[in-house]
Amino acid sequence: MASRFQAIPLVASPSYPNAVAWSDENLIAVASGHLVTILNPALPFGPRGLITVPNSEPFPIGVIDRKDLFSGCLLPNCLSRDRQPCVRSVSWSPLGMAHNSGCLLAVCTTEGRVKLYRPPFCDFGAEWIEVMDISDRLYEYLTSISFGELDVSCPKHSDAAEDIHAEDSASYISKKECKRRKINKVSQTTGDQLPCQGNSENSNSSSGTYIEREGQGLKAVYKLSSDPLEEGKLHHIGPLSKCKAKTLNKMQENRMHPQITAAQYASRNAMLWSLAVAWSPLLQLSSKLCPIPHIGSSVSLLAVGGKSGKISLWRIYVPECYSIEHSRVPTANIVGLLEAHNSWITSISWALLASDSSNPHILLATGSSDGSMRIWLGNTEKLLNTSEVDRTPFFLLKEVITADSIPVSVLSLSMPAKSLHKMLLAVGRGSGSFELWNCDISGRKFDKIGSFDAHYHAVTDLAWAFDGCSLYSCSQDNFVRCWILRGSSLHEVPFPSNTPRLRSSTDVPNVFISCMGLAVSPGNLVLVMVRNLDLELLDSMYQKKAQKAVVEFFWIGGQQQDLLSNASPPFDVVEFPAFPEKELAYWESNILWSLKQYEHLDKPLVVWDIIAALLAFKQTKSKFVEHVLLKWLLSSYIGYNMDLSAEKILPLVSIRLSKINSRKLHLLNIICRRVMLSELKADQVNSKVQNLEVSHGAEEEQVTMWTELLRSSERELRERLVGFGFSAFLSLKSHSTITASRPGYWYPVGLAQLEHWVALNHERVQDQLKVFSSEVGRHEKRLEYSEHEVAEQCIYCSASVPFESPEVGFCQGVESDSGTGQSHRLPRCAVSMQVCPTTPLWFCICCNRWGSRLAPETLFSMSRYPSDFKSLTESSVLEVPSKPLCPFCGLLLQRRQPDFLLSASPV
């Protein structure tokens, strides 16, 4: 197998399959023992996030008779031996579910609990914050329907049952006390007599009533005699410590719970005991349900499978507005209980059916410990609109039952983009084999490609890559294998042997015994896996205590694909002696494929793996990097073949920027900044963009050409933003009053700054912007609010701040006795170009710009420079959602964290 390019040790080892997950914001969660460790792959030795699994109290579902404790249905509950709960399953939500527009993490523990956690973006700590307990809500719902039992009336405790509890209490106290003190007879007290407070129903109980009385830090237990001749007398048993008092209180609390049978207890416990969790892709409400688009119109479904074979489905809404100052509890509703299997749910996987219809469908694959696998089709509109929990809008498409009943350990779904109704399903089993299915949803055809004995022990994870062309499998036998799907046949291929190396990881041991999970990066160029170390081979003093498992990163960008041709690469391979000719061609094809995927708006811009690979090649093979990027510009931005020359391609791309959609412009800006201008810091790049100077020398000329391309691209985006703001304001001027929008929605502000920017760039901007600026300047309503004031003041000294640049402002300062003044450098908002306030600001990690306002969603979906902005702002009288994305990079904005705290790095 190829050598890893970086590795991260863990202090705890994972125990269950599917132990690693990669989020849409480029964070990795590892289920390691009693901890969930959250890592940033861009900073492997940097700060980490942690989730410590707490101990939980069992749900009060009822009390059973002592004689039923050894019933067969209760054995799985009685044989539990976990001193501290471990993490069984983790799953990341889609991007935008957290209140800072990040991802939520669902964690399922060995105690059967499921909780949701968010990043501590406003708490300044390493421990992630619990926002919701799904298990508590499930218990509340099941209690409200009496756990779905036909006979909802549970018998009350009889006198005999109460006698048993009383005898248990008496024997618990007397046995413990008699071991310490030999008491031949119970002393009778008269001075401490208390009035009877027992239940009249228990007055005839032969065991009497036990009451407590506190004194000197201990509790004394008294027995109130039931003998009529000794009425009112208390028999002192002895002092009771706090531990014993707690146990006695627990016994008394149990008397308040209903008495149920052993079968009822086992059934209720199985319904509450969760084993697997999985988030669905983000679903949009249709126009019928939501005629006015808004932030809360998107939801994600959380599936929670348990021991009962049922799956509870939770509809969790995207926050109505995003904030980096505070957080709120997400809105969640249970929408159904799906009776998926007759045994434990061991794995769940979602996929969104790509369809041209206005009512898309969602697919759900479930696996069980009895070896069965089922595929379900759900109606998205019904799932989003249903209010009845017992009518789940799912129906069964396919069921697979094996004769040997080997448990399903893991499932993995893939929906190839090249086929609208095709689905690939990989099913891993406990025997070490996995099955591969090719499904045509439209024709209800399910073809089994084959069953493959890939491993010697249980398959612990399966992951698809490159649009269903590659499949990766791992097992407890410590083997990781790569497979290529060609038509209807699957072939094993070796891992790439020659890979670019970013950093050395020789200090991490290389003695492993099992692989418990793997995941593919968002760009499909990196494979991460978590493997347990063989503790017997580690140094007991320096390694054994602090290193239990290792998270390894491998390049798969050089992986062979079926889509590649056998033609030789057009560049000179002699310049790259470390790489074979074919493998370098694979790298080129896979990087171009990955860049192509990010041109779609529904895929979040997380290009860390692409940037990391290009930078690794740039250290020794800079010509290869330039060749790949020029080929990408030629195919995506120009559209016809020509010589791969930077002197010809870059100026031509600059001329065509107005015809390119915003997503491609964002991707172009990221590549320019992080790859071709990587030697410069973000502030230096911003300064060069604002004050471009002609340089001399071959390398300097290359930098100047890419800087000019970046400058033209950012100016194009700025013009689109300014034009949309002017047009939206002019569309609102006909209303009698102009009021600011509510949180979560965009509103045109900073009109004076927009006018100044047009004036400074009067020779380069479009004529449409000049007309808009003139109309807005003559409008009186723009001065009705302080947000539209022309003059700005320094937030530190209240001096005036003239508009000289859209990036920063310098106040005129306060003059001192010596005649010199102190001038403050103030960042301007990337959206409104206003001076940023002192409140927490949004920050772009790529261009290092700040923002106090969020950009309109329309900016990120523009297909080209609008010929008429008014056609886009006709609906501005309603509301335009705002997006927490950088208007120039398209990356997710975040609150800047100190260097010692974890933060996401999409680049």
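Only this structure's heavy atoms are used, side chains among them; waters, hydrogens and symmetry mates stay out.
- Put simply, CD1 on I591 and CG on N524 are 12.5 Å apart, with the number rounded to the nearest 0.5 Å.
- Nearest heavy atoms, I513 versus D534: CG2-CB, 3.3 Å.
- When the options E807, E804, E792 are evaluated for a salt bridge (Lys or Arg N to Asp or Glu O under 4.0 Å) with R828, the one that passes is E792.
- H666 has its ring centre less than 6.0 Å from the ring centre of F860.
- For the residue pair V801 and C794, the shortest heavy atom distance occurs at CG2-N, 3.6 Å.
- The two residues P319 and G96 come nearest to each other via the heavy atoms CD-O, 3.3 Å.
- A donor-acceptor contact shorter than 3.5 Å links the side chain of Q897 to the backbone of F121.
- Remark: aromatic rings of Y472 and W464 are distant, center separation not under 6.0 Å.
- Residues N669 and I671 have side chains not in contact (no heavy-atom distance under 4.5 Å, counting atoms from C-beta outward).
- Residue Y796 places its OH atom among 12 or fewer non-hydrogen atoms of other residues, nucleotides or ligands, all under 6.0 Å distant.
- Here the straight-line distance linking atom CG of L629 with atom CH2 of W706 works out to 5.5 Å at 0.5 Å rounding.
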Practice prompt. Please step through salt bridge (charged side-chain N to carboxylate O under 4.0 Å, His left out) for the pair K618 and E679, ending with a clear verdict.
Written response: CA-CA 11 Å; K618 188 180 178 181; E679 293 80 5; 3.1 Å; yes
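- At distances below 3.5 Å, not a single donor-acceptor pair connects side-chain atoms of S32 with backbone N or O atoms of V36.
- Without hydrogens or angle criteria, D609 side chain to G523 main chain gives a donor-acceptor distance under 3.5 Å.
- In terms of heavy-atom proximity, L854 sits nearest to P884 at CD2-CA, 3.8 Å.
- Here the side chain of E25 pairs a donor or acceptor atom with the backbone of C103 at under 3.5 angstrom.
- Side chains of S327 and R118: a donor on one and an acceptor on the other come within 3.5 Å.
- Scanning both residues, P330 and L104, for their nearest heavy atoms gives CG-CD1, 4.4 Å.
- Taken to the nearest 0.5 Å, the SG atom of C122 stands 8.0 Å off from the CD1 atom of I129.
- The local environment of NZ in K603 is crowded, with over 12 non-hydrogen atoms from other residues, nucleotides or ligands closer than 6.0 Å.
- Here the CG atom belonging to L302 is positioned 8.5 Å from the OG atom belonging to S280, to the nearest 0.5 angstrom.
- Side chains of N532 and S514: a donor on one and an acceptor on the other come within 3.5 Å.
- Salt bridge annotation for E130-K115: present, with a cationic side-chain nitrogen under 4.0 angstrom from a carboxylate oxygen.
- In this structure, F495 and F554 have tilted ring planes: the angle between them lies in the 30° to 60° band.
- Between W555 and W587, the ring planes lie perpendicular to each other; the angle is over 60°, past the 30° to 60° tilted range.
- For the atom pair CD1 (I51) and NE2 (H34), the distance works out to 12.5 Å, reported to the nearest 0.5 Å.
- Seen from the ring of F888, R849 counts as a face-on cation partner, given the 6.0 Å and 45° thresholds.
- Between W22 and F553, the ring planes lie perpendicular to each other; the angle is over 60°, past the 30° to 60° tilted range.
- Of all heavy-atom pairs spanning V607 and L667, the tightest one is CG1-CD1, 4.2 Å.
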